[in-house]
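This report refers to the structure that appears directly beneath it.
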Amino acid sequence: MKIFNSYSNKLEEFIPVHKGIVNMYVCGPTVYNYIHIGNARPVIFFDTVKNYFEFRDYKVKFVSNFTDVDDKIITKAIELELTEKEITDKFISAFLSDVEKVNSSIDYIKPRVTNYMDHIIEYIGILVDKGFAYVVDGDVYFRVSKVKNYGILSNRKIDDLLVGARIEINNKKENPLDFTLWKKTDVGIKFDSPFGEGRPGWHTECVAMIDDIFGEQIDIHGGGSGLMFPHHENEIAQSQVLNNHSLAKYWMHNGLLNIGDSKMSKSEGEVILVKDLDVNPNGFRLFTLSTHYRSPINYTDEALDVYIKEWEKILRTYSALYLKLDLSDMLYGNGKIDPDLLTIYKEFLDAMDNDFNTANAITALQNLNKKANQLLRSKTEDSVLLSAKKLFDDFFNVLGLKHNKKPLSKEDKDIYILWNKARAEKDFDNADKYRNILQQKGII
RNA sequence: GGUCCCGUAGCCAAGUGGCUAAGGCAAUGGACUGCAACUCCGUGACCACCAGUUCGAAUCUGGUCGGGACCUCCA
């Protein structure tokens with residue numbers, strides 16, 4: 001398996017820290033609002049990554065946090081006259097419901113920053129003791145200039161960043177690039193610390209939680225490309241000081257999802273919220289996975305619609321396979337290997353092994369779809385159809401495509417038999433009647 | 001101002017040195033079919049432009065034009 005590692009900027013063979021185990025962490029949301037479809041991209045992609053590792057028999061420990069301490073949360077709390085906890089509870093549950101809505105698993109470890117305050121404060125203290133952070137008037141800043149290799153992830157040089165000159169001037173900082181570890185606060189929720197009352201900066205949270213939950217360098221750290229700088233860069237800097245390693249062996253960053261040609265942002269432009277998305281989740285999932293994860297996607301209604309239809313097409317084929325096997329009582333058991341199906345299976349594995357090329361994996365799914373239709377039309381023996389069905393099941397599991405096919409009831413089977421009988425006898429009035437019933441029940 | 005990414009058929013999109021440049025949508029011709037739906041088969045690209053490296057480039061290098069991101073909270 002190969003993964004493009006943002007840390008080295010190279011395609012690398014994936015070798016886990018521990019054989020057969022994948023420890024991965026994906027930056028989660030700051031819970032002060034509903035998520036938009038751009039936020040759903042990493043949710044869907046990294047869920048697919050997890051599925052694929054599991055499909056390849058890895059044991060995956062998947063962690064994604066909730067940032068539940070933040071200025072935006074405090075602002076929102078004041079605005080709505082609620083406590084911070086009421087705000088974050090509300091948007092955490094909204095987030096999880098949106099995650100499920102796009103067919104991603106919510107069965108993973110979900111730490112909240114507020115539960116790790118002791119660790120965070122402890123780490124900041126260590127950074128201060130080691131001379132990599134300094135306290136000014138209740139704030140604590142990280143001394144970027146002390147870390148060699150700062151900028152390694154995002155390929156930036158400190159000098160180039162300084163030339164940027166768009167960085168806010170803060171007289172307390174020794175260097176404009178120094179980032180906040182602890183922020184003194186007057187309003188909103190605050191926590192006690194040796195540096196004074198305040199709240200932690202964003203960049204320390206993930207490091208502290210990863211260290212506490214995994215206790216060592218993890219395999220994969222994922223997130224959107226927007227997080228590469230400064231967030232992930234700062235995480236690496238802190239981890240180098242605290243643990244003497246780069247936090248994760250492989251860093252993976254997904255590209256952004258734009259609306260039309262421009263970026264979807266919480267602060268400007270058009271935003272489509274996941275909760276308002278009124279389409280088939282499988283179609284949305286195919287749409288999201290149809291572009292390689294590192295490339296940007298330009299969202300348009302038309303582009304999404306193509307994949308909604310694609311899903312309907314795939315489901316029709318799958319339903320037909322399922323029905324045929326159900327009627328023959330052949331839904332379970334071992335299928336017979338067909339060379340073309342084997343080729344398609346290999347295409348799928350090759351695609352996924354090559355840096356999670358889901359676009360090509362979807363092509364394999366489409367090839368399977370076509371092959372299955374050909375098999376269905378050519379009176380193929382059921383054992384081969386069963387292999388095809390099992391291949392669909394595998395692909396669905398990895399890509400997170402869900403359906404609710406169940407074996408037919410005795411009554412429904414009888415109607416199906418009557419329909420075929422009527423057709424054979426050219427009794428088209430009755431045939432149409434039975435067909436209507438079957439169509440209404442979604443059987444055909 | 002600094003750093004970086006992208007430009008493949010009407011549209012979406014894979015492919016990053018080597019057979020006839022995947023696949024899907026749309027279009028169009030055909031097959032199947034009681035009708036309809038579904039489905040299958042066929043038909044399309046001098047890979048933005050220019051120059052260079054190479055036996056050979058969409059793929060590497062330089063330049064031009066065009067689009068976008070980051071340097072500030074942002075998936």
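From a predicted model like this one, the values you see are computed outputs, not experimental measurements. Proteins get letters first, then strands, A, B, ... in listed order; numbering begins at 1 in each. The figures here come from the full heavy-atom set of this structure, side chains too, leaving out hydrogens, waters and symmetry mates.
- Comparing the C1' positions of B:rC38 and B:rU43 gives an interatomic distance of 22 Å, to the nearest angstrom.
- A:Lys309 places its NZ atom 10 Å from the P atom of B:rC25, with the value rounded to the nearest Å.
- Nucleotides B:rA75 and B:rG29, compared at atom P, are 49 Å apart to the nearest Å.
- For the segment residues 366-377 of chain A, residues with any heavy atom less than 4.0 angstrom from an atom of RNA chain B are, sorted by number, A:Gln366, A:Lys370, A:Asn373, A:Gln374, A:Arg377.
- Using the Watson-Crick or G-U wobble rule with both distances under 3.5 Å, B:rC60 pairs with B:rG52.
- For A:Gln439, counting side-chain heavy atoms from C-beta on, the closest listed nucleotide (B:rA36, B:rC25, B:rC38) is B:rA36.
- Of the residues near RNA chain B, A:Gly28 and A:Trp419, the one whose nearest nucleotide (by heavy atom distance) lies more toward the 5' end is A:Trp419.
- Listed by chain and residue number, A:Asp340 satisfy the side chain to side chain donor-acceptor pair (under 3.5 Å) test with A:Lys371 (two or more places apart in sequence, or in another chain).
- Comparing the P positions of B:rU64 and B:rG1 gives a spacing of 14 Å, expressed to the nearest Å.
- The P atoms of B:rG62 and B:rG23 are separated by 33 Å, rounded to the nearest whole Å.
- Nucleotides B:rG56 and B:rC70 place their C1' atoms 37 Å apart, quoted to the nearest Å.
- A distance-only check finds a donor-acceptor pair linking the side chain of A:Glu84 to the backbone of A:Ile189 [under 3.5 Å].
- Take A:Tyr307 and apply the ring-ring contact (aromatic ring centres under 6.0 Å, His included) test, not counting sequence neighbours, and it matches no residue.
- When rounded to the nearest whole Å, the span between CD1 of A:Ile314 and C1' of B:rU39 equals 14 Å.
- Relative to the side chain of A:Arg316, the nucleotides B:rU39, B:rA22, B:rA75 differ in distance, and B:rU39 lies closest.
- A:Glu205 has its CD atom 13 Å from the C1' atom of B:rC73, to the nearest Å.
- Comparing the C1' positions of B:rA48 and B:rA57 gives an interatomic distance of 16 Å, to the nearest angstrom.
- Pairing partner, B:rC25: B:rG10, with both Watson-Crick or wobble hydrogen-bond distances short of 3.5 Å.
- A straight line from CD1 of A:Ile259 to P of B:rA75 spans 15 Å, rounded to a whole angstrom.
- When rounded to the nearest whole Å, the span between CG of A:Leu227 and C1' of B:rA69 equals 14 Å.
- For A:Arg112 and A:Asn115, the side-chain atoms include no donor-acceptor pair closer than 3.5 Å.
- The ring-ring contact (aromatic ring centres under 6.0 Å, His included) pairs that include a residue from residues 347-377 of chain A are A:Phe53-A:Phe356, A:Phe348-A:Phe395, where partners are two or more places apart or lie in different chains.
- Among the atoms of the strands shown, only primed sugar atoms or phosphate atoms (P, OP1, OP2) are found under 4.0 Å from some heavy atom of A:Gly223.
- The partner of B:rC4 is B:rG68, by the rule that a Watson-Crick or G-U pair needs both atom distances under 3.5 Å.
- The residue A:Lys313 sits close only to the backbone: its heavy atoms come under 4.0 Å of sugar-phosphate atoms, none of a base.
- Every residue two or more places apart in sequence or in another chain that forms a ring-ring contact (aromatic ring centres under 6.0 Å, His included) with A:Phe91 is listed here: A:Tyr34.
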| remark: Per-nucleotide protein contact along nucleotides 10-17 of chain B, 5' to 3', at a 4.0 Å heavy-atom cut-off (B base, S sugar-phosphate only, - neither), is ---SSS--

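- Atom CG of A:Asn420 is separated from atom P of B:rG34 by 13 Å (rounded to the nearest Å).
- With both pairing distances under 3.5 Å, B:rU20 is matched to nothing as a Watson-Crick or G-U wobble pair.
- Per the geometry, NZ belonging to A:Lys379 stands 17 Å off P belonging to B:rU39, to the nearest Å.
- As a whole-Å value, the separation of A:Asn258 CG from B:rC6 P is 15 Å.
- For the P atoms, the distance from B:rA9 to B:rC49 is 10 Å, rounded to whole Å.
- For the salt bridge (Lys or Arg N to Asp or Glu O under 4.0 Å) test, residues two or more places apart in sequence or in another chain that qualify with A:Glu425 are A:Lys421.
- Applying the ring-ring contact (aromatic ring centres under 6.0 Å, His included) test to A:Phe132 and every residue at least two apart in sequence or in another chain returns nothing.
- Remark: B:rA75 base-pairs with no nucleotide; criterion is Watson-Crick or G-U wobble with both hydrogen-bond distances under 3.5 Å.
- Ion pairing of A:Asp393 with A:Lys389 is present here, as a side-chain N (NZ or NE/NH1/NH2) and a carboxylate O approach within less than 4.0 Å.
- Base pairing of B:rU39: its partner is B:rA31, meeting the Watson-Crick or G-U wobble criterion (both donor-acceptor distances under 3.5 Å).
- A donor-acceptor pair under 3.5 Å is formed between the side chain of A:Lys173 and the backbone N or O of A:Asp178.
- A donor-acceptor pair under 3.5 Å links the side-chain atoms of A:Asp47 to the main chain of A:Ser105, judged by distance alone.
- The P atoms of B:rA22 and B:rA27 are separated by 23 Å, rounded to the nearest whole Å.
- Listed by chain and residue number, A:Phe45 satisfy the ring-ring contact (aromatic ring centres under 6.0 Å, His included) test with A:Tyr293 (two or more places apart in sequence, or in another chain).
- The residue among A:Ile362 and A:Asp429 whose nearest nucleotide of RNA chain B lies closer to the 5′ end is A:Ile362.
- Not a single donor-acceptor pair, N or O on each side, falls under 3.5 Å between the base of B:rC5 and the side chain of A:Arg294.
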